[in-house]
Colleague: 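Below: one structure in structure tokens.
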Amino acid sequence: MSSKRDAEEKVEEKDTPRKKRSKSDRNRAAPADVNSTYTTEEFKKVFGEAFRKQKEFQHDSGAMKHSEPFNCCCLPNFVDDKDNFLEGLKSELLELPYREKDNDLYTFQQSEALQNFSSPHIQGLRKLLYEDFRGWLRDVTGIAFSDTIDMTASKYTYADYLLCHDDELEGRRIAFILYLVPPWNQEDGGSLDLFKVDDNYQPVTIAKSLLPKWNNFVFFEVTPKSFHQVAEVLSEDKCRLSVSGWFHGPTVERPTPYIEPRSELTPHVSIDEELFYGWLNPKYLDLLTQSDIQDRFEQASEIQLSDFLMEEKFDNVCKAMQNPDIRWNRRGPYNKRNYEQAEESSLPEAVKECIHLMRSEHMFLLLSNFSGLKLHEQAPSDGSSDEDDESDNEEEQEEEEEERGAVEKGKQKEANLKVKNSAQGNEGKPRKPVNPRCRVEVRRWSPGCYTLCHDTDMEGSEFALDAVIYFKCATWDVSYMGFTSYIAKGEDEVLLCVYPDDNSLGLVYRDKETMGFVKYINNRSKREAQIKSEPVYFYDIKAVYYE
């Protein structure tokens, strides 16, 4: 969900009860040593100085210390492997049970905590890292580490990934990865990408990418700047196997989390009534249909309405979305989102009209009828305890019954969404003030795009109605991802999903404890692009409405 709830979270040991290790168990640990090149006092001195002073460093052994975008170290040939220790370790790791890990931030497989297993090579690695190497690391970094053991094994196969996060959780000081991969190249994906941050500690661009390599040990200090990701694995026949974890130590003070400024909200706008009716499928203007939609929506808090726009209007928008003159800007930062947003001033007229439709007063009233929400002064109220409101409600019900009769007589448009003087209720009585607002954007989605749940999402912390119309996704397959999922805060279980579907309007009402995200779009969709010899995108117009 955020850097505080990431893929490398501490595994709950209750899932696999820890066996008490006897002295004979400890003696079963397969012997393993760190490459002697790194244990010399001379190497530790120069490497430690580079680490503490955040300087670049490169050694004849291939060891490297990067200072940008943050302190990150790579020790090749880390384990002295003269007795094939790593092959034994790899075999034991591949025999472990793995859990499928899948949420907004990642898709991959992870073992239970390795301290729960007593096989010889896993024990040997645990001893190597948390007994022998921990002292070396203390001398190099100057950090007083605790005795906490925190490591798991991870398997990334085709289309698996772990998106941008910073690893920050209380007590984590150094993150590490030991790679046990076959020969690997850039075309295989799966790189460890390191992000540069802006003045607000928000990741803005990938500054460095490190390819996994057999027996490479990578570690870095966990700080507000340590944003990184595992890029999507593109190889269909290779497994990116690694052991990763953290060395824990005293908690250090962190800066206050950055809160993004809220996007501008606008009230509804006027629209010519005939223009409004000319855009919408007439079936959604029928009061009986609206009543049925509201009944279903109030039960499920979501609905997807197919063929929402008139076919000709929809086709015009689809064509206009592909106009090369549209200016698309990437919207970040990477720890929250990555997709393209259109500059509204550059949009063709057909798209501008559709946006105007979504902002219109008539649309606010229509969505009130669909959802039962108070998005317009004329929308029915939830009810009130005072007698005047009850009387008003009775009169409104009588009006609705009269309007239903008008529909039956063929006066559908006049009975449906006629906007009255919104300042007055029945018999000239003033209505309770409401302040409905909305936010609308045009988005383009392609491989690598996503949005994430995050702890500082102020816009997602209010009751709201999400409304999305999809374009150019007739051939979109669910295996590409790109659907919108909703979860409860702090949970991974998906409550509902809205899938891209041409000319459908997806409506979801979310409360303060519900968060939505667009699942990372993987590279499977590029196969379709190769067949068609053109880029594969889909588009949507997203509007968020507030009462």
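For the single chain, residues carry numbers from 1 onward in sequence order. Just so you know, these numbers use all the heavy atoms, side chains as well, and skip hydrogens, waters and symmetry mates.
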Colleague: Between F220 and H66, does the ring centre distance come in under 6.0 Å?
Modeller: no

Colleague: Taking the six-membered ring of Y480 (Phe, Tyr or Trp), confirm whether the NZ or CZ of R524 is under 6.0 Å from its centre and within 45° of its axis.
Modeller: no

Colleague: Can L465 and L367 be said to form a side chain to side chain contact (heavy atoms under 4.5 Å, CB included), step by step?
Modeller: CA-CA 9 Å; L465 178 69; L367 294 177; 4.2 Å; yes

Colleague: Got D166 and H228 here, is their nearest side-chain heavy-atom distance under 4.5 Å?
Modeller: no

Colleague: Between atom OG1 of T289 and atom CD1 of I293, what is the distance when rounded to the nearest 0.5 Å?
Modeller: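 Here the rounded value is 6.5 Å.
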
Colleague: Would you name the heavy atoms of F70 and K225 that are closest together and state the gap between them?
Modeller: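 Answer, listing the atom of F70 first, then K225: CD2-O, 3.2 Å.
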
Colleague: Parallel, tilted or perpendicular: which one describes the rings of W445 and F538, with boundaries at 30° and 60°?
Modeller: parallel

Colleague: Measuring from L162:CG to L192:CG, what's the distance to the nearest 0.5 Å?
Modeller: 9.5 Å

Colleague: May I have the step-by-step check of ring pair (Phe, Tyr, Trp, His ring centres under 6.0 Å) for H376 and F364, ending in yes or no?
Modeller: CA-CA 6 Å; H376 193 279; F364 275 69; 7.8 Å; no

Colleague: Is any side-chain heavy atom of N281 closer than 4.5 Å to a side-chain heavy atom of F308?
Modeller: no

Colleague: Consider only side-chain N and O atoms of N523 and S525, and report whether a donor and an acceptor are under 3.5 Å apart.
Modeller: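 Their side chains do not contain a donor-acceptor pair, so the 3.5 Å distance test is not met.
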
Colleague: For the pair H362 and Y277, name the ring-plane relationship: parallel under 30°, tilted 30 to 60°, perpendicular over 60°.
Modeller: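 Perpendicular: the ring planes of H362 and Y277 meet at over 60°.
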
Colleague: Decide side chain to side chain contact (heavy atoms under 4.5 Å, CB included) for C72 and L210; before the verdict, give the C-alpha distance in whole Å, the side-chain angles of both, and the deciding distance to 0.1 Å.
Modeller: CA-CA 10 Å; C72 182; L210 308 177; 4.0 Å; yes

Colleague: If you take all heavy atoms of N435 and R437, which pair is closest and at what distance?
Modeller: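 Heavy atoms only, the tightest pair is O-NE, 3.0 Å.
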
Colleague: Rounded to the nearest 0.5 Å, what separation is found between the OH atom of Y509 and the OG1 atom of T514?
Modeller: 9.5 Å

Colleague: Please list all pairs passing the salt bridge (Lys or Arg N to Asp or Glu O under 4.0 Å) test where one or both residues lie in residues 332-358, with sequence neighbours left out.
Modeller: E260-R337, R327-E343, E340-R444, E344-R359

Colleague: Show the nearest heavy-atom pair for residues T107 and D102, with the distance to one decimal.
Modeller: OG1-OD1, 2.6 Å

Colleague: Could you grab the distance from atom CG of D466 to atom CD of E302, nearest 0.5 Å is fine?
Modeller: 12.0 Å

Colleague: Would you mind checking if K519 and D104 are paired as a salt bridge, meaning a charged N to carboxylate O distance below 4.0 Å?
Modeller: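 Looking at D104 and K519, the cut-off is not met.
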
Colleague: Any idea which heavy atoms bring R254 and R172 closest together, and the distance?
Modeller: NH2-O, 4.0 Å

Colleague: For the residue pair Y284 and F370, does the interplanar ring angle fall in the parallel (under 30°), tilted (30 to 60°) or perpendicular (over 60°) class?
Modeller: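 Ring orientation of Y284 relative to F370: perpendicular.
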
Colleague: With sequence neighbours left out, write down each residue that passes salt bridge (charged side-chain N to carboxylate O under 4.0 Å, His left out) with D193, or none if nothing qualifies.
Modeller: none

Colleague: May I ask you to test the Y486-R510 pair for a side-chain heavy-atom distance under 4.5 Å?
Modeller: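 Yes, side chains in contact.
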
Colleague: So do S504 and I469 actually touch side chain to side chain, heavy atoms under 4.5 Å?
Modeller: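 Of all side-chain heavy-atom pairs linking S504 with I469, none is under 4.5 Å.
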
Colleague: With sequence neighbours excluded, give me every ring-ring contact (aromatic ring centres under 6.0 Å, His included) pair touching residues 177-202.
Modeller: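 Listed by first then second residue: F195-Y334.
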
Colleague: Under the criterion side chain to side chain contact (heavy atoms under 4.5 Å, CB included), I'd like the reasoning laid out for I541 against V440: C-alpha separation, chi angles, the key distance, then a yes or no.
Modeller: CA-CA 7 Å; I541 296 178; V440 183; 3.8 Å; yes

Colleague: How many angstroms lie between CZ in F276 and NE2 in H356, if you round to the nearest 0.5 Å?
Modeller: 11.0 Å

Colleague: Grab the two heavy atoms, one from T451 and one from V518, that are nearest each other, plus how far apart they are.
Modeller: OG1-N, 2.7 Å

Colleague: Measure across Q304 and D501 and return the closest heavy-atom pair with its distance rounded to 0.1 Å.
Modeller: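 In this case the closest contact between Q304 and D501 is NE2-CB, 3.9 Å.
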
Colleague: Using side-chain heavy atoms (C-beta onward) and a distance below 4.5 Å, is S226 in contact with T223?
Modeller: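 The answer is yes; the side chains approach within 4.5 Å.
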
Colleague: Would you call the rings of Y106 and F108 parallel, tilted or perpendicular, where under 30° means parallel and over 60° means perpendicular?
Modeller: perpendicular

Colleague: Is it true that D315 and K319 have a side-chain N and a carboxylate O under 4.0 angstrom from each other?
Modeller: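 Looking at D315 and K319, the cut-off is not met.
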
Colleague: Hey, could you give me the CG/OH distance between N200 and Y258, rounded to the nearest 0.5 Å?
Modeller: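 So the CG of N200 and the OH of Y258 are separated by 4.5 Å.
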
Colleague: With a 4.5 Å cut-off on side-chain heavy atoms, are Y546 and L265 touching?
Modeller: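 In short, these two side chains touch, coming nearer than 4.5 Å.
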
Colleague: Hey, are the side chains of K472 and Q322 touching, using non-hydrogen atoms and a 4.5 Å cut-off?
Modeller: yes

Colleague: Can you confirm whether or not the ring centre of Y520 sits under 6.0 Å from the ring centre of Y161?
Modeller: yes

Colleague: So do the side chains of M310 and W279 get within less than 4.5 Å of each other, counting heavy atoms only?
Modeller: no

